[in-house]
Amino acid sequence: MKTYLASALVEVLTQFDGTPPDFAPEFEKPKNSEHGDLATNAAMQLARHLRRPPRRIAEELAEALRARPLDPARIASVEAAGSGFVNFRFATEYLAEEMRALLAAGEAFGRGETGKGKRALVEYVSANPTGPLTVGHGRNAVLGDTVANLLAWSGYDVTREYYFNDAGRQMRVLGESVQARYQAVIDPDAPRKQIDAGGASVEVPASFPEDGYLGAYITDIAERLHAESENPPDPDGDAAPFKEAAEKAIFADIERTLDRLGIRMDTYFNERSLYENDAVWRALQALRDAGHCYDRDGAVWFRTTAFGKEQDTVLVKRSGEPTYRLPDIAYHVDKCDRGFDRIVDILGADHIATYPDVLHGLRALGRDADRVEVMVHQFVTLVRGGAPVKMSTRRATYVTLDDLMDEVGEDVTRFFFLMRSPNAHLEFDLDLAKEASDKNPVFYLQYAHARICSILRKAAETGFCDEGADWSLLAHPAEIALMKVLLRFPEVLAQAAAAREPHQAANYLREVAVAFTQFYGHCRIIGEANDLAAARMQLARAARIVLSNGLQALGVSRPERM
RNA sequence: GCGCCCGUAGCUCAACCGGACAGAGCGGCGGACUUCUAAUCCGCAGGUUGCAGGUUCGAGUCCUGCCGGGCGCGCCA
């Protein structure tokens, strides 16, 4: 429709002296529906060139378009309005045609082609296996998974990747923590000590690392290792077997948690592999060769001041061990070299400062860093009874993602993480989330879907047939409004995918549910005259398709009964 | 001190590339159930978009400065 109007407008504009030859009119959907279905601000943009008031140009344009004339099956009216807008109103026949196309597309309605033939990699979650996923990981996971979904709806071939490191200091401490608990399981009388945990004093086994992991899951792992292992590890030996057992158990938990959210990763990328295939050292050498590195104080530095940073950055510590930045760069080189057209990283706000180094590293190594996009999301605050829930990783008093899902359910968890713009802090109201009522936006959406299913079931029981319905019978404001909302779906999905902002889709679906529920309230289906009932049922089917496809893209279930 | 994000209705948040009268939900107030799911609907109230300048036909949106909040600024990840 936009291209049709644009060509018509360009054609008309040839009569207007002073129009720039490359002028490309812009169209937008007016916020206020009284202003029509589509509007152009061409008159305002041309005011300078034509040296006439915008309002007058708009009137001349509208008149010229009406004289042309425009296809009456598509455009019902053209009017100048406001300070210089030209407003277009769609013909009902056009709506009907689009609605038939919607129903014909069915489950494919909303699929786009912008990513056709292209491959995208979305990296998310990427929590090291040191403990259960927290609420913070949850936002990352759901955001990443939904961005991946949206890219898939745009036609991309999408790979979902989880990057982790099981070789660092964190994991060593994890192994030692399990080992200490294990020793205490075997010998309950073993000596104990007090350590400080974020201000509170906690009693732990004497061998427990000062910065060890205090969560109860560590003790669980130790106990299970003791109870289930056929050849139990030497309690006083090397910590490695404990680390391995912990990693295995924790990873299994993480996968189970992700599975509850409907998240299945395609690939798990172990940082260690970048050492095994020498990629880390090759990256370092390449950076050296390109003149971006120097040695000082026994460490290897990355000249990040050359990119405008205040300080240079250490890539290899005096100990000979790389900082995480170097493998990060090598990892992104690997991602680039795997030939993806789009590479999206989902990061929490605490990692904002790190990614510029990675991008600079990529450029320094001759890779196209523009293909890499970093989506930073802000933190989550849980609110219960109007007050924030206090969490501390150190004291292990955080709420896990599983706890959250146990309390409010998987669908609510997913949807709440998606409702807000990623770069806004997310306040997760547990009381609202738990409420199974219309106040809860998830239930509101699902209820609309279930309601339509109920109507269709009822109609099917009586053998009612709504095929070949006459769309022109639909003239009620609620019917027209619903149709117009439904037809926006492909554009909304495309926009949400392009911006990597799932909340745009989530907010839109609420609009769909509202429009449907209003239609439902005003227009009966079953019991009306057959031809009207058939047309309305077609409209209800269309609404179900949009709700269903939209919820699917967001990863929320689509119940047929509630 | 420096960098990034945020500041919009009582609360939580929207607002596509700068567009028309800044919109939803919750909460508040007032109505509606012989009905295909009342987990619903209809109506009302509620705003100097943190403050001050600037850019222009037009600014919540862009620029500058300030105020307030979050997150970073490690040879931790």
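Please read all numbers here as calculations on a predicted model, not as lab measurements. Numbered from 1 within each chain, the chains take letters A, B, ... in sequence-line order.
By the neighbour-count criterion of 12 heavy atoms within 6.0 Å, atom CZ of Arg561(A) is sparsely surrounded, having that number or fewer from other residues, nucleotides or ligands.
Pairing of C41(B), defined by two Watson-Crick or G-U wobble distances under 3.5 Å, is identified with G31(B). Pair assignment for C17(B) gives none, since no Watson-Crick or G-U wobble pairing has each distance under 3.5 Å. When both pairing distances are held under 3.5 Å, A24(B) makes a Watson-Crick or G-U pair with U12(B). Across all strands shown, the partner of G7(B) is C67(B), judged by Watson-Crick or G-U wobble contacts whose two distances both fall under 3.5 Å. When both distances must be under 3.5 Å, the Watson-Crick or G-U wobble mate of G60(B) does not exist.
Checking Asp312(A) against Tyr294(A) by side-chain atom types alone, a donor-acceptor pair falls below 3.5 Å. For the residue pair Glu373(A) and Tyr355(A), no side-chain donor N or O sits within less than 3.5 Å of a side-chain acceptor on the partner. Thr313(A) and Thr304(A) share a side-chain donor-acceptor pair at under 3.5 Å.
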**Item:** Criterion side chain to side chain donor-acceptor pair (under 3.5 Å) on Asn128(A) and Asp166(A), from CA distance to verdict
**Value:** CA-CA 7 Å; Asn128(A) 287 338; Asp166(A) 61 357; over 6 Å; no
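The side chain of Lys317(A) contributes an N or O atom lying less than 4.0 Å from OP1 or OP2 of C76(B). Between G74(B) and Gln311(A), a contact under 4.0 Å exists linking OP1 or OP2 to a side-chain N or O. Of the side-chain N and O atoms in Lys31(A), one or more sit less than 4.0 angstrom from OP1 or OP2 of A20(B). Applying the 4.0 Å criterion to OP1 and OP2 of A77(B), one finds that Tyr355(A) has every side-chain N and O outside that range. Here Asn128(A) does not reach the OP1 or OP2 of A77(B): none of its side-chain N or O atoms lies under 4.0 Å away.
Along RNA chain B, the nucleotide closest to Gly168(A) and the one closest to Arg420(A) are compared, and the more 5′ of them pairs with Arg420(A).
In this structure, Phe417(A) has its ring center closer than 6.0 angstrom to the ring center of Phe428(A). Between Tyr331(A) and Phe269(A), the gap from one ring centroid to the other is short of 6.0 Å. Between Phe164(A) and Phe251(A), the gap from one ring centroid to the other is short of 6.0 Å.
Comparing the C1' positions of G58(B) and G1(B) gives a spacing of 38 Å, expressed to the nearest Å. Annotation: U12(B) and U48(B) have their C1' atoms spaced 22 Å apart (nearest Å). Separation of the P atoms belonging to U8(B) and U61(B) is 14 Å when rounded to the nearest angstrom.
Listed for the Gln446(A) side chain is a donor-acceptor partner under 3.5 Å among the backbone atoms of Ser557(A).
When each of Val147(A), Asp345(A), Asn423(A) is tested with Met375(A) by the rule side-chain contact (heavy atoms from CB on, under 4.5 Å), just one qualifies, namely Val147(A).
Remark: Tyr447(A), Ala450(A), Arg451(A), Ser454(A), Ile455(A) in residues 446-456 of chain A come within less than 4.0 Å of RNA chain B through at least one heavy atom. If you check residues 497-520 of chain A against RNA chain B, the residues with a heavy atom closer than 4.0 Å are His503(A), Asn507(A), Arg510(A), Thr517(A), Gln518(A), Tyr520(A), listed by number.
Residue side chain Asn41(A) reaches the base of G19(B) through a donor-acceptor N/O pair under 3.5 Å, judged by distance alone.
Distances from the side chain of Phe379(A) to the nucleotides C41(B), C16(B), C71(B) place C71(B) closest. Between U37(B), C13(B), C6(B), one nucleotide has an atom nearer to the side chain of Glu427(A) than all others, and that is C13(B). For Arg318(A), whose side chain is taken as the heavy atoms from C-beta onward, the closest listed nucleotide among G19(B), A39(B), C75(B) is C75(B). The side chain of Glu310(A) sits closest to C2(B) out of C13(B), G72(B), C2(B).
Pro356(A) comes within 4.0 angstrom of nothing in the nucleic acid, heavy atoms only. Using a 4.0 Å heavy-atom criterion, one finds that Ala47(A) contacts no nucleic acid atom at all. Residue contacts shown for Asp328(A) are absent, as no nucleic acid heavy atom lies under 4.0 Å away. Across all strands, Ala459(A) comes closer than 4.0 Å to no nucleic acid atom at all (heavy-atom distances). Ser421(A) comes within 4.0 angstrom of sugar-phosphate atoms only, judged by non-hydrogen atoms across all strands, and of no base.
For the pair Gln170(A) CD and C76(B) P, the interatomic distance rounds to 12 Å; values are reported in whole Å.
Its glycosidic angle being within 90° of 0, C17(B) falls on the syn side.
Look at Phe443(A) and the base of A39(B); the rings do not stack under the cut-offs of 5.5 Å between centres and 30° between planes.
Minimum heavy-atom separation, Ala459(A) to Ile526(A): N-CD1, 4.1 Å.
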